[in-house]
Amino acid sequence: MDNRRYRMVVASGLDYVNTGAKVDGQLRLWLKEPPKAYDVAAFAEGRNEIARGVTLDHDSATGTSGAYGRWRLRETLPGGTWQTTVLIRQEGGGPTRVQLDVEHLPDDPEVVPVPAKTPRLARSLLGVIRARDGIADVTAQPQVVEAEDVDAVIDELCDETRRMPIVVASTPYGVDFDTWLEDTVDPLVRPLAGLAILYLLSPEAELRFNRALEYHQVYGGGVRTYLPWVDPAWPADGQRHRVMSRRLITERPSQARRIIAQLPQRLAARAPLPAELDSVPVMRTRTLGDSAAPELERLRVENEVLHEILEEAGREQRVRADEIRDLKHELRKAEDNETLLIAEYDEQYRELHTARARLQVLRKQMVDLGAGAAAYAYFSAPDDEPQSFEELLGRIADLPGLHFTGSRKVTLELDAQAHGSSWVRMTWDALLALRDFAEAAASGRAGRDFKQWCADAPGGARTISPRKIVRDESKSVKANSSWRRQRTFPVPEHIDSIRKVFMGAHVRVGGGNTIAPRLHYFDGACVEHGIYVGYIGPHLSNTLT
């Protein structure tokens, strides 16, 4: 059964205190303005009943590990209770998280809850807390992307810390951009406030966006929903990210609005909460404040509170059981699909190698002997490629300008993986590209980093897709001391006095995400000393693993 609650989870761009003040202010405005028009003053006076059958409770705590504040609104109606919960949480040195839940709690636990719509409160909160998801801004309305913003949007698509989908809209040819935005795109994505990151490409940005994302394009007035963990260099990955046609959007707008909201709603409701939010205790309703109340009355109130806690825990347990069952089913489907996609990627890469080998033979045959030898020197004959990671490690020393300082044991474990053969070829291609880059840098011909080199390398040089190269790790990875240590690898003393450096730059080996290996390298001293490869092995820990 699909979970029918609305859930928004974002990071606030403000500190904990200012976030709390903004949330409290927006919540009070939302409650006292029509159509609710509740008596918010009653809450300020210490009474939690702000209208007949409507209660508002608040609790908070501050400790050595962090702080939280929580507001819970319960509106009793025929057939059940509508519950709205706003939680802010800050732990350690991390960001302040904001969680907004709206759900229907039927009087009869056997009755299916009514689906929750996106509350107006979500849009008002997004307007004041500078919300973010990973490195992306989360807004209630679509952000217009200009040509100069495309690279930043692509970085957000590939950001491994992103939880929300990114919804990107294009503009039909010949249609006025502003009219399309106001009359079509804005109404279409209005239910996605707090559930997705929203963009509309300008015509100039659309051309650049589609050139960069060959397998993940969107155009002609279509709208595409990009799930987390986009791999732009993997053709099969494009199948994961749904496209909605202009025809459906314009001819059946209500249906289009409902369909485009379904996936983000389901992802938001089922995605595991960040650990700091999941650790907040169950809320206890406020008890009577009169210390002179008779003992029997005090015990009655406490009994009601305990009964409410048990009911809340029971409801949560049933919801979690449904979520776990559905997640197990989806996990099995995802594992099957991922295996098929990886196999397809492996086959495509094998075909690419075959085509490259034929090209090398033709090139050698078509040029004169001297030029042919020079051109051929830039390529490794397919028959001469390493067939295992063990063989690959034995041949790194023969590549000028490259030094491997990582753990051989970790790398050799990749040979036991099912897709190790294609991973060996991909890793070897990356090493050859790093070799050519190191040689160009040493002779003063590079003038830029490895990613830009692969995008603009001269003819004859070995390269890999620049979309497989990540210049640095995300802020969340670098801020986590354990994850940062995992990415700190040995280098000689003449590179760093402590003989270790953080290697955030890495290459994605193979298709997929956390299942595929990574190659981490350091090129800060490539002009004088070459490039140091500190790690070839399984994907290291981050927010997804």
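All figures in this text were calculated on a predicted structure; none of them were measured in a lab. Throughout, residue positions are numbered sequentially from 1 according to the sequence presented.
- Listed by first and then second residue, the salt bridge (Lys or Arg N to Asp or Glu O under 4.0 Å) pairs that reach into residues 471-488 are Asp449-Arg471, Asp472-Lys478, Glu473-Arg487, sequence neighbours excluded.
- When the side chain to side chain donor-acceptor pair (under 3.5 Å) test is applied to Gln262, no partner is found at least two apart in sequence or on another chain.
- Every residue meeting the side chain to side chain contact (heavy atoms under 4.5 Å, CB included) condition with Val243, not counting sequence neighbours, appears here in chain and number order: Arg224.
- With rounding to the nearest 0.5 Å, the separation of CG in Asp231 from CH2 in Trp229 is 13.0 Å.
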Compile the donor-acceptor pairs under 3.5 Å between side chains in residues 136-145 and protein atoms, sequence neighbours left out, one pair per line.
unit_1	atom_1	unit_2	atom_2	d
Asp137	OD1	Arg132	NH1	2.4
Thr139	OG1	Gln141	O	2.7
Gln143	NE2	Asp137	O	3.2

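- Between Arg4 and Glu103 there is no salt bridge, since none of the side-chain N atoms of the basic residue sits less than 4.0 Å from a carboxylate O of the acidic one.
- Scanning for side chain to side chain contact (heavy atoms under 4.5 Å, CB included) contacts around Thr225 gives Pro165, Val167, Ile260, Leu263, with sequence neighbours left out.
- More than 12 heavy atoms of other residues, nucleotides or ligands sit less than 6.0 Å from atom CD of Glu146.
- Applying the salt bridge (Lys or Arg N to Asp or Glu O under 4.0 Å) test to every pair with at least one member in residues 247-259, sequence neighbours left out, gives these pairs: Arg247-Glu251.
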Considering only distance and modelled atom types, tabulate donor-acceptor pairs under 3.5 Å from the side chains of residues 213-220, sequence neighbours left out.
unit_1	atom_1	unit_2	atom_2	d
His216	NE2	Asp237	OD2	2.8
Gln217	NE2	Asn210	O	3.0

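- Annotation: side chain to side chain contact (heavy atoms under 4.5 Å, CB included) contacts of Pro253 (sequence neighbours excluded): none.
- Listed by chain and residue number, Arg89 satisfy the side chain to side chain donor-acceptor pair (under 3.5 Å) test with Glu91 (two or more places apart in sequence, or in another chain).
- Paired with Val491 under the rule side chain to side chain contact (heavy atoms under 4.5 Å, CB included), one option of Lys500, His403, Met503 passes, and it is Met503.
- Counting only heavy atoms from C-beta outward, the side chains of Ile531 and Phe522 never approach each other to under 4.5 Å.
- Salt bridge annotation for Arg395-Glu391: present, with a cationic side-chain nitrogen under 4.0 angstrom from a carboxylate oxygen.
- Within the 4.5 Å cutoff, the side chain of Leu273 has heavy atoms near those of the Gln99 side chain.
- Within 6.0 Å of CZ on Arg130 lie no more than 12 heavy atoms contributed by other residues, nucleotides or ligands.
- Here the side chains of Leu414 and Pro538 are in contact, with some heavy-atom distance below 4.5 Å.
- The stretch residues 191-211 participates, sequence neighbours left out, in these salt bridge (Lys or Arg N to Asp or Glu O under 4.0 Å) pairs: Asp151-Arg208.
- Taken to the nearest 0.5 Å, the CG atom of Asp429 stands 8.0 Å off from the CD1 atom of Ile464.
- Annotation: cation-pi pair Arg445/Trp453 absent, no NZ/CZ under 6.0 Å from the ring centroid and within 45° of its normal.
- For Ala479, there are no side chain to side chain contact (heavy atoms under 4.5 Å, CB included) partners at least two apart in sequence or on another chain.
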Identify every side-chain donor-acceptor pair in residues 180-199 under 3.5 Å, counting partners at least two apart or on other chains, and give the distances.
unit_1	atom_1	unit_2	atom_2	d
Trp180	NE1	Ser170	O	2.9
Tyr199	OH	Glu156	OE1	2.4
Tyr199	OH	Glu156	OE2	3.4

Take Asp133 and Arg163 through the test salt bridge (charged side-chain N to carboxylate O under 4.0 Å, His left out) and record every step on the way to the result. CA-CA 7 Å; Asp133 178 36; Arg163 293 167 48 91; 5.0 Å; no
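- Taking the six-membered ring where the residue is Trp, the centroids of Tyr535 and Phe489 are separated by under 6.0 Å.
- Ring planes of Phe450 and Phe437: tilted class, angle from 30 to 60°.
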